[in-house]
Amino acid sequence: MNIKFKGLLAVMLFTAGQLFAQENNSNNKNTPTFTPGLEHRILAGFNFGATAPVGLPNTIRRINSFWPEFSPSLGYELSYRITSKWGASLAVKLDYKGMGTKDEVQYFPTIITTEDGGSFSGNFSGKNKTIVRNAYVAFPLNATFTPNAKWRFSLGGYAAWLFSSNFYGTVSDGYIRNGGPTGEKVIIDKATFDFGIDVRKFDIGLQGGAMRKVGRKLEVMGNLSWGLKPIFPDDFKGLDFPLYNIYLTLGVAYKI
């Protein structure tokens with residue numbers, strides 16, 4: 001009886017092994033072999049963020065309000081899947097980056113023009129309003145990771161060239177020490193500044209993001225870009241701290 005039981009158990013184990021092997025071979029036949037290839041996408045979204053310092057300088061005493069400007073982002077991306085999970089992408093984008101802010105400043109180095117045409121360079125204390133609207137042609141280059149059919153993650157950098165710049169605003173309800181901290185005190189009811197012509201023509205930075213598939217060809221995306229170069233050159237006198245482009249792009253991608 002014991003010998004018969006052992007023989008039956010051996011037959012059952014052998015049969016189960018054969019069935020498993022046949023099923024595994026069948027699944028392998030049904031699983032498509034990955035073939036490296038190109039992917040094309042149209043990108044569209046909006047940029048939300050700020051052209052801002054990293055850390056608030058002590059000359060800005062209070063921020064009263066902040067708002068995003070209309071900042072669309074449009075582009076085309078070419079990507080190449082080297083393996084089923086890893087690849088690389090290169091894109092060309094038209095990127096608008098803008099914001100507005102109202103704040104109160106003290107001993108803020110700047111250059112202003114009054115309504116009667118007077119020009120002053122020195123330390124201003126009072127209220128400030130700044131508008132930024134800059135447009136770039138950007139070239140992002142990323143490594144991509146696709147863990148499954150739904151998600152794709154990317155990490156890399158970008159280079160961008162400025163083709164339109166606006167950086168302007170007003171100061172009011174304060175005074176300026178003309179020429180420096182100990183200069184002549186000039187009362188300022190309202191004055192303007194315009195530094196658009198001084199914005200640096202080139203930007204470079206890091207970026208990372210993710211895409212999630214929501215349809216056969218449609219994906220939603222989010223991408224954070226962080227500029228590494230200040231938007232004004234080192235010898236610029238209108239501000240005494242560097243400003244960087246720090247923006248989050250939210251939008252969609254259409255695979256073509």
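In this text, all values refer to a predicted model and were calculated from it rather than measured experimentally.
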- Just say parallel, tilted or perpendicular for the rings of Phe232 and Phe236, cut-offs at 30° and 60°.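 Judged by the thresholds at 30° and 60°, the geometry between Phe232 and Phe236 is parallel.
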Minimum-distance pair of heavy atoms, taken over all atoms of [X] and [Y]:
X	Y	answer
Gly196	Ser165	O-OG, 2.7 Å
Ser121	Ile111	OG-CG1, 3.8 Å
Ala149	Lys213	O-CD, 3.6 Å
Gly49	Phe66	O-CZ, 3.1 Å
Arg200	Pro230	NE-O, 2.9 Å

Nearest 0.5 Å, please: how far is [atom2] in [Y] from [atom1] in [X]?
X	Y	atom1	atom2	value
Ile188	Ser125	CD1	OG	11.0 Å
Lys255	Glu39	NZ	CD	3.5 Å
Ile176	Glu184	CD1	CD	10.5 Å
Leu94	Ser73	CG	OG	7.5 Å
Phe139	Leu90	CZ	CG	8.0 Å
Leu38	Ser89	CG	OG	12.0 Å

So, [X] side chain and [Y] main chain: donor-acceptor pair closer than 3.5 Å or not?
X	Y	value
Thr114	Gly118	yes
Thr130	Thr101	no
Thr146	Asn148	no
Arg177	Gly180	no

In one Ile/Leu/Val/Met/Phe/Trp/Tyr side-chain cluster, 4.5 Å: [X], [Y]:
X	Y	answer
Ile131	Tyr244	no
Trp226	Val132	no
Ile197	Tyr168	no
Tyr80	Ile256	yes
Met211	Tyr76	no

Whether the [X] and [Y] side chains hold a donor-acceptor pair (N or O, under 3.5 Å, no angle test) is what I'd like checked.
X	Y	value
Gln207	Asn223	yes
Thr51	Tyr247	yes
Asn134	Asn166	no
Asn142	Thr144	no

Check whether any side-chain heavy atom of [X] lies under 4.5 Å from a side-chain heavy atom of [Y], and answer yes or no.
X	Y	value
Ile231	Asp198	no
Asp95	Asn47	yes
Leu218	Val252	yes
Asp203	Asn245	yes
Leu162	Val199	yes
Val92	Val137	yes

- Query: Are the aromatic rings of Tyr136 and Trp161 close, with centres under 6.0 Å apart?
  - Reply: no
- Message: Tell me every residue that passes salt bridge (Lys or Arg N to Asp or Glu O under 4.0 Å) with Glu219, counting only those two or more places apart in sequence or in another chain.
- Response: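 Listed in chain order: Arg41.
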- Task: Tell me, with the steps shown, if Leu74 and Lys93 meet side chain to side chain contact (heavy atoms under 4.5 Å, CB included).
- Result: CA-CA 6 Å; Leu74 301 170; Lys93 295 169 61 180; over 6 Å; no
- From CA spacing to verdict: side chain to side chain contact (heavy atoms under 4.5 Å, CB included), Lys102, Lys127: CA-CA 7 Å; Lys102 290 182 179 180; Lys127 295 180 179 179; over 6 Å; no
- Under 6.0 Å from the six-membered ring centre of Tyr158 and within 45° of its axis: does the NZ or CZ of Lys97 meet both?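 Positive - Lys97 is close enough to the ring of Tyr158 and near enough to its axis.
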- Message: Would Glu104 and Arg61 count as a salt bridge (charged side-chain N to carboxylate O under 4.0 Å, His left out) here? Give the steps.
- Response: CA-CA 6 Å; Glu104 296 179 19; Arg61 296 307 173 94; over 6 Å; no
- Between Arg152 and Glu77, is a salt bridge (charged side-chain N to carboxylate O under 4.0 Å, His left out) present by the stated rule, with each step listed? CA-CA 14 Å; Arg152 192 192 82 169; Glu77 180 195 82; 3.1 Å; yes
- Qualifying ring-ring contact (aromatic ring centres under 6.0 Å, His included) pairs with a residue from residues 95-127, counting only residues at least two apart or across chains: Phe108-Phe241
- Message: Working note: Phe167 + Leu243, criterion side chain to side chain contact (heavy atoms under 4.5 Å, CB included); need CA distance, chi angles, decisive distance, verdict.
- Response: CA-CA 12 Å; Phe167 192 108; Leu243 298 176; 3.7 Å; yes
- Which of Asn64, Thr59, Asn128 passes side-chain hydrogen bond (donor to acceptor under 3.5 Å, both in side chains) with Asp103? It is Asn128
- Report the C-alpha distance between Lys190 and Thr170 in whole Å, list the side-chain angles of each, state the deciding distance to 0.1 Å, and finish with yes or no for side chain to side chain contact (heavy atoms under 4.5 Å, CB included). CA-CA 7 Å; Lys190 187 174 182 180; Thr170 60; 4.1 Å; yes
- If you group Ile, Leu, Val, Met, Phe, Trp and Tyr whenever their side-chain heavy atoms sit less than 4.5 Å apart, what else falls in with Phe153? Trp86, Phe145, Trp151
